[in-house]
Amino acid sequence: MAFLEIKNYRKNFGENEVLKGISFGLEKGQVLAVIGSSGGGKTTLLRCLNFLEIPDAGELYLNGEKLFDAAELGKKAVKDIRKKRLHFGLVFQSFNLFPQYTVFQNITLAQNLLDKENFKNQKKELRASLKECGPDERKEKKEEQKRVLQEIRSTQKARAEEKANSLLDRVGLTEKRNAYPYELSGGQQQRVAIARALALNPDILCFDEPTSALDPELTGEVLKVIKGLKSSDSTMIVVTHEMEFARNVADLVIFMADGVIEEMGTPAEVFDFPKSDKTRAFLQKSLEQTL
Amino acid sequence: MAFLEIKNYRKNFGENEVLKGISFGLEKGQVLAVIGSSGGGKTTLLRCLNFLEIPDAGELYLNGEKLFDAAELGKKAVKDIRKKRLHFGLVFQSFNLFPQYTVFQNITLAQNLLDKENFKNQKKELRASLKECGPDERKEKKEEQKRVLQEIRSTQKARAEEKANSLLDRVGLTEKRNAYPYELSGGQQQRVAIARALALNPDILCFDEPTSALDPELTGEVLKVIKGLKSSDSTMIVVTHEMEFARNVADLVIFMADGVIEEMGTPAEVFDFPKSDKTRAFLQKSLEQTL
Amino acid sequence: MFIEIIGELALGFLTTLELFALTLVFALPLGLLVAFCTMSRFYPLRMLFKLIVWVVRGTPLMLQLLIIFYGPGLLGLPAFSNRFLAAVIAFVINYACYFSEIYRGGIQSISKGQYEAGQVLGMTRSQIFMRVVLLQVIRRVLAPMSNEVMTLVKDTSLANTISVIEIIRVATTISSTYAVNIIFPILYAGVFYLAFIGILTLLFGWLEKKLNYFRV
Amino acid sequence: MFIEIIGELALGFLTTLELFALTLVFALPLGLLVAFCTMSRFYPLRMLFKLIVWVVRGTPLMLQLLIIFYGPGLLGLPAFSNRFLAAVIAFVINYACYFSEIYRGGIQSISKGQYEAGQVLGMTRSQIFMRVVLLQVIRRVLAPMSNEVMTLVKDTSLANTISVIEIIRVATTISSTYAVNIIFPILYAGVFYLAFIGILTLLFGWLEKKLNYFRV
Amino acid sequence: VTMSGCSKELIGFDIELAKAVADKLGVGVSFVEINWDTKEAELDNRSIDAAWNGFTYTKARDEGYFDEDRNQQIGGLDFTGMYMENKQVAVVKKENAEKFGTLEGLKSAKSMVAEAGSAGFTTIQDVFEKEPVPAKKQLDIFTEVSSGASDVGVIDAVMAGYYITSETGAYHESLSVVEIEGVEKEFYAVGCREKSNLPAVFNHVLAGLWADGTIRKIGEKYGLQDVLVNGFGEYDENYQFPTDGDYAAVLKAKKFVVGYTVFAPMAYKG
Ligand SMILES: Nc1ncnc2c1ncn2[C@@H]1O[C@H](COP(=O)(O)OP(=O)(O)OP(=O)(O)O)[C@@H](O)[C@H]1O
Ligand SMILES: Nc1ncnc2c1ncn2[C@@H]1O[C@H](COP(=O)(O)OP(=O)(O)OP(=O)(O)O)[C@@H](O)[C@H]1O
Ligand SMILES: [Mg+2]
Ligand SMILES: [Mg+2]
């Protein structure tokens, strides 16, 4: 079984069947490019992976663990969703940065909230352990705990800061650390969005047409960053209209049309020897547009 | 003396001297392309020609007639301005169509208002002539005048309509006759703006970067229309960043920088054998951007 | 009895409606005039009208009613003999100031390009305003104007401060003449207001739809 | 005499300010709650609150004051012993409804993408609201909120309908008690309002500048 | 004690009389300034226990009216015995005293104002057959007349006596009082809720205060000794205080609440 295994994903919006049984597997460190014409269900697939939409049917295995099974979908499945989401990162077409936070704050916000949650739990546990001690012992132990907790918190903070700095470096925005999103170009904003998604160490990072809201000039810098991620062994799923990019970077290409996988294979297979007519027509058309 | 002769135009905005003595001549039927880097005063020059700004110094001769002389600028000069403006048409960078009118109404509105004004004057004259007649004669004459006036009005209307239709045909928008501006693409809107400016038969038609607000795909159709105008012997002044276009269409090219004409000549002279360093640097830079 | 009370309230509401209608009829154009004054290029005029608008918008209408009705008489000038007239004047001044701010916002939101396009086409200033700008302004101010008009409906009740017999005053008077509790006539009065507000909402909705044929 | 009058007016204005402050303190959060109810996915709740907001916004505050103060007693419920309290309640309900519409506009103007970005980053609903959305909403509602707050300052004068002795009531009583300078207490009252409105204008200007560090 | 924003103390005949009654009953009293035209609602609402402010007794106010639709009695209040004589007088600007000096003159007035729902209001309707301008408070009538908003105001003689006739009155210089021919005498009493037992209790105490001269003493203080009347009957030493109803509520609250408007010399700040 592959690192990520999707089995028979289905999703309807009312009458409209948008995903009609999608199955594929992706190995760790691989890059999957999803191409396809408008309305084919690419965005919906990514949203289902990130549980922004809940599939109507299908199963999802990650690293051998069953993460989602529509058949079992009860209260519990929905409850754990927040944790499960953390396995995936998503970079939106329209960036969706938080405008009131600086670049640095955008990157650290989520980690910070998680850290605080952990810290609170640890504190609670430690405090609970106090109950078993006698009154003399307790005071002493409390002092000690205080020291321990302070240390935990400062370690957390240092680690988050370090992480953020290294990410900023990676996307080439160290200088924009304290800028607000509105002060950045579209390409810079998208790079911050990538760093923000990476900050939680997702197992799989998803991109939904990360350059389609950008001027051609700014597209290059974002694609460069994504290429860089590949060389550092990130597992990625990229929905894109940039055929050149898909061909050069992807290990696996999926062509989606009308909610089904019309064609799947290596870039060479899909781009150079497409089996289905639909794929051929789509590739032809996108070639014409570029010229 | 050329058809249009500008002599020593100067314009200050407060401390900022934007036009520092601009002089040139343009023959009837010729196309003048104005190029130059941002802030060089190109827009200001066009606005001065259309009397949206009043130059601080300088003279303007059109067809041998002195239309404007800053030295004589008194109450009277300003008063006639509305009539003088009609010698020039201006197509704006941002189209500035009237959103509440259809394409047809946009094109005919100004002519319509002028027609009504003329009609009123004619009516007044005719009515005045009645005073000299006796009471018997008067009734008869009034009837006759009524018929005449009706005829005048309907001729006016027919002529305006015909004119508008031929213009619509010329810019290729006959089908969009009854559409509202918001229903049109940018390129279509710009073509309506051109038709609107042409409707008043200006002696000289000015364009201020007519394609800079358009997607590259839509740019072509607007440039094609302008080319078409050249072949019908319109006299035009086009401020543009499209060097290819300037080279192919213009009879005369002016390169403006910092409020002065840095270089003037045929396209071949300016583009292939620029004399000034500034021109060379500018052309070099714009060549790089295109690639 | 019920019928009687409703009848009296309806009569009171007629006054309310009259006040409403007269205020609109005069304040709508006057507001435009005030807007022009506050945008005038002539500094003293602009400042004067900005001050007036600020003072009128910064004090309660109730106070303005008292000042306008009792003020002249108390200062030895000829007094108002007609309190309804005084109410109309106070409302018109007050609402003209509010409307002027709305107009100003609408006019200033029209791009300079629209004026210039008109100028280049040889139109006169008044042609540009009437033929090009006005409808766009109307379109833009419709939403805030509709809010303000709804507020006016309810503000008319303030006229009873200077004893204009509008519907709420009728309701209170009914209660004191018959020594009955004030609450029922008041509740009925509320129904009158709601019905009228409902009609106005429909009307503005229709108008908005009418003007939606173009986009600014 | 002058000092005395100003003193009495100042005392009356204290009541005005109290009413103003209490209304804000309660109506600001309550308005948010009402906004959530009018946006609830639960149809009956949503409809109920939309109706309430419509009725409250469609009737004069004066009427609501009368109903809230005199209503319960008449219906056999324990009556209000404190008319100031009744005024506060009426104002809070009225303004919560007005505020709710402003909040609703602000919340609905925040793009879905902001929520989804939060979800994808593993935030809880409340974290998303508090850490991501709230400040953006505040930023967006600041201008309409400031208008509404200015209106509240002036609306406080309506409390004298149920005999809360606020500044205008004091002013009219003074002017009819003393025959001299009869109009002046009312004019002075206007100055109090203007001064307060001026302070609030500065305050909101400062707040707006503070929040201008980011763009939405 | 009062809701008033004024720094000065609340005084007046009615105020002191109410305080004296409270003392005798061994309870407190608080005063609330109300809009006179909402006094019925205030009573119904229990936000006041007594409308005690030169309240003119009329049969209609006592009994209410008979609603034929519902076949029942509507409205109406219960009153204590009457304690003071009054009549309605007209007030006009001093310079108009000649013009409006007679009944005919008064009838020629363009507009007449009286407090909404007051005795003066009915007087204008009955005697002059005119539709009066309804003022919110009796005191507002001075503003109405001196500003010229109304030609003639109709108010209580008692009040006119304080503000106009008296040489220290605030309107002594600017306004004049004109007697209205044919207007009948009327009397003040304290108004309470319908079916309240407070009037009986008040009557008992007031009879005692009449007997021991307290009422006279208070009256003299405000120059009202000549218009006092005893409508309370003889003091009953064996009076049995009720143990239920409003009186029980008053005992429980240890106070009763009096509604007034500013109306010198009955209730004002001095
Ligand atoms: N929330 C929704 N409710 C209803 N229909 C939806 C929803 N989201 C998507 N759809 C529909 O599902 C279909 C697939 O949409 P999707 O956005 O996944 O396509 P896509 O392949 O991403 O297209 P594009 O290249 O234009 O982004 C479309 O027909 C769309 O209208
Ligand atoms: N109304 C005005 N008031 C003050 N300064 C102005 C005004 N209009 C233009 N300027 C200034 O005049 C200079 C020339 O402006 P202009 O718009 O004519 O340049 P341009 O050559 O058209 O540039 P671009 O290529 O950017 O359109 C600029 O420095 C500009 O800031
Ligand atoms: Mg998509
Ligand atoms: Mg320019």
Side-chain angles (χ1 to χ4, degrees), chain B residues 43 46-47 49-53 79-103 105-117 178-184 189 192-193 195-202 204-208 213, chain C residues 28-29 32 35-36 39-43 46 102-146 203-216:
Chain B
T43 297
L46 287 198
R47 291 172 61 84
L49 288 179
N50 284 272
F51 303 113
L52 289 175
E53 310 281 358
K79 220 177 184 176
D80 276 355
I81 236 170
R82 199 160 69 84
K83 286 265 153 63
K84 289 181 179 166
R85 272 187 187 135
L86 291 178
H87 292 291
F88 296 88
L90 176 56
V91 175
F92 297 87
Q93 189 171 345
S94 49
F95 330 146
N96 294 336
L97 295 182
F98 304 135
Q100 73 268 44
Y101 294 121
T102 62
V103 167
Q105 290 168 329
N106 260 284
I107 295 173
T108 52
L109 177 67
Q111 185 63 56
N112 214 333
L113 292 172
L114 288 175
D115 284 351
K116 272 188 190 159
E117 212 175 310
N178 295 318
Y180 288 93
Y182 78 91
E183 299 170 312
L184 305 178
Q189 289 190 47
V192 176
R196 181 176 69 175
L198 286 172
L200 295 178
N201 297 320
I204 292 172
L205 187 55
C206 307
F207 296 85
D208 188 8
Chain C
L28 282 173
L32 195 55
F36 284 134
M39 291 186 294
S40 158
R41 260 176 273 169
F42 183 55
Y43 182 84
R46 185 170 76 241
I102 294 177
Y103 285 128
R104 194 160 65 98
I107 291 172
Q108 286 177 342
S109 75
I110 305 297
S111 84
K112 226 178 98 195
Q114 291 287 313
Y115 293 93
E116 292 185 345
Q119 285 178 337
V120 167
L121 292 169
M123 297 189 198
T124 61
R125 278 180 68 122
S126 75
Q127 281 173 343
I128 294 174
F129 187 76
M130 298 303 291
R131 301 298 190 117
V132 176
V133 177
L134 189 58
L135 197 64
Q136 297 181 46
V137 171
I138 292 177
R139 165 80 194 277
R140 276 173 200 250
V141 302
L142 201 62
M145 216 44 137
S146 117
L203 202 81
F204 272 106
W206 173 82
L207 214 65
E208 200 154 330
K209 228 166 107 188
K210 270 259 145 183
L211 279 180
N212 247 349
Y213 77 90
F214 71 93
R215 289 203 202 125
V216 276

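Residue numbers start from 1 in every chain, and the chains themselves are labelled A, B, ... in the order their sequence lines are given, proteins ahead of strands. The model shown is predicted, which means the values in this text are computed figures rather than measured ones.
Inspection of non-hydrogen atoms places E116(C), A117(C), G118(C), Q119(C), V120(C), L121(C), G122(C), M123(C), T124(C) of residues 116-126 of chain C under 4.5 Å from chain B.
Residues R82(B) and F51(B) fail the side-chain proximity criterion, which asks for heavy atoms closer than 4.5 Å. At least one side-chain heavy atom of L211(C) sits less than 4.5 Å from a side-chain heavy atom of L142(C). Residues Q127(C) and E117(B) meet the side-chain proximity criterion, which asks for heavy atoms closer than 4.5 Å.
Residues satisfying the side chain to side chain contact (heavy atoms under 4.5 Å, CB included) test with V133(C), not counting sequence neighbours, are I110(C), Y115(C), I128(C), F129(C), V137(C). Remark: Y180(B) pairs with Y213(C) by the ring pair (Phe, Tyr, Trp, His ring centres under 6.0 Å) rule, at least two apart or across chains. With sequence neighbours excluded, the residues that form a side chain to side chain contact (heavy atoms under 4.5 Å, CB included) with L28(C) are L24(C), F99(C), Y103(C), M145(C).
Neither the backbone nor the side chain of E183(B) comes within contact range of chain C; no heavy atoms are under 4.5 Å apart. With a 4.5 angstrom heavy-atom cutoff, R139(C) does not touch chain B via any of its atoms. If you measure heavy-atom distances from L200(B) to chain C, the contacts under 4.5 Å come from the side chain alone.
By the 6.0 Å and 45° rule, R196(B) does not stack over the aromatic ring of Y101(B).
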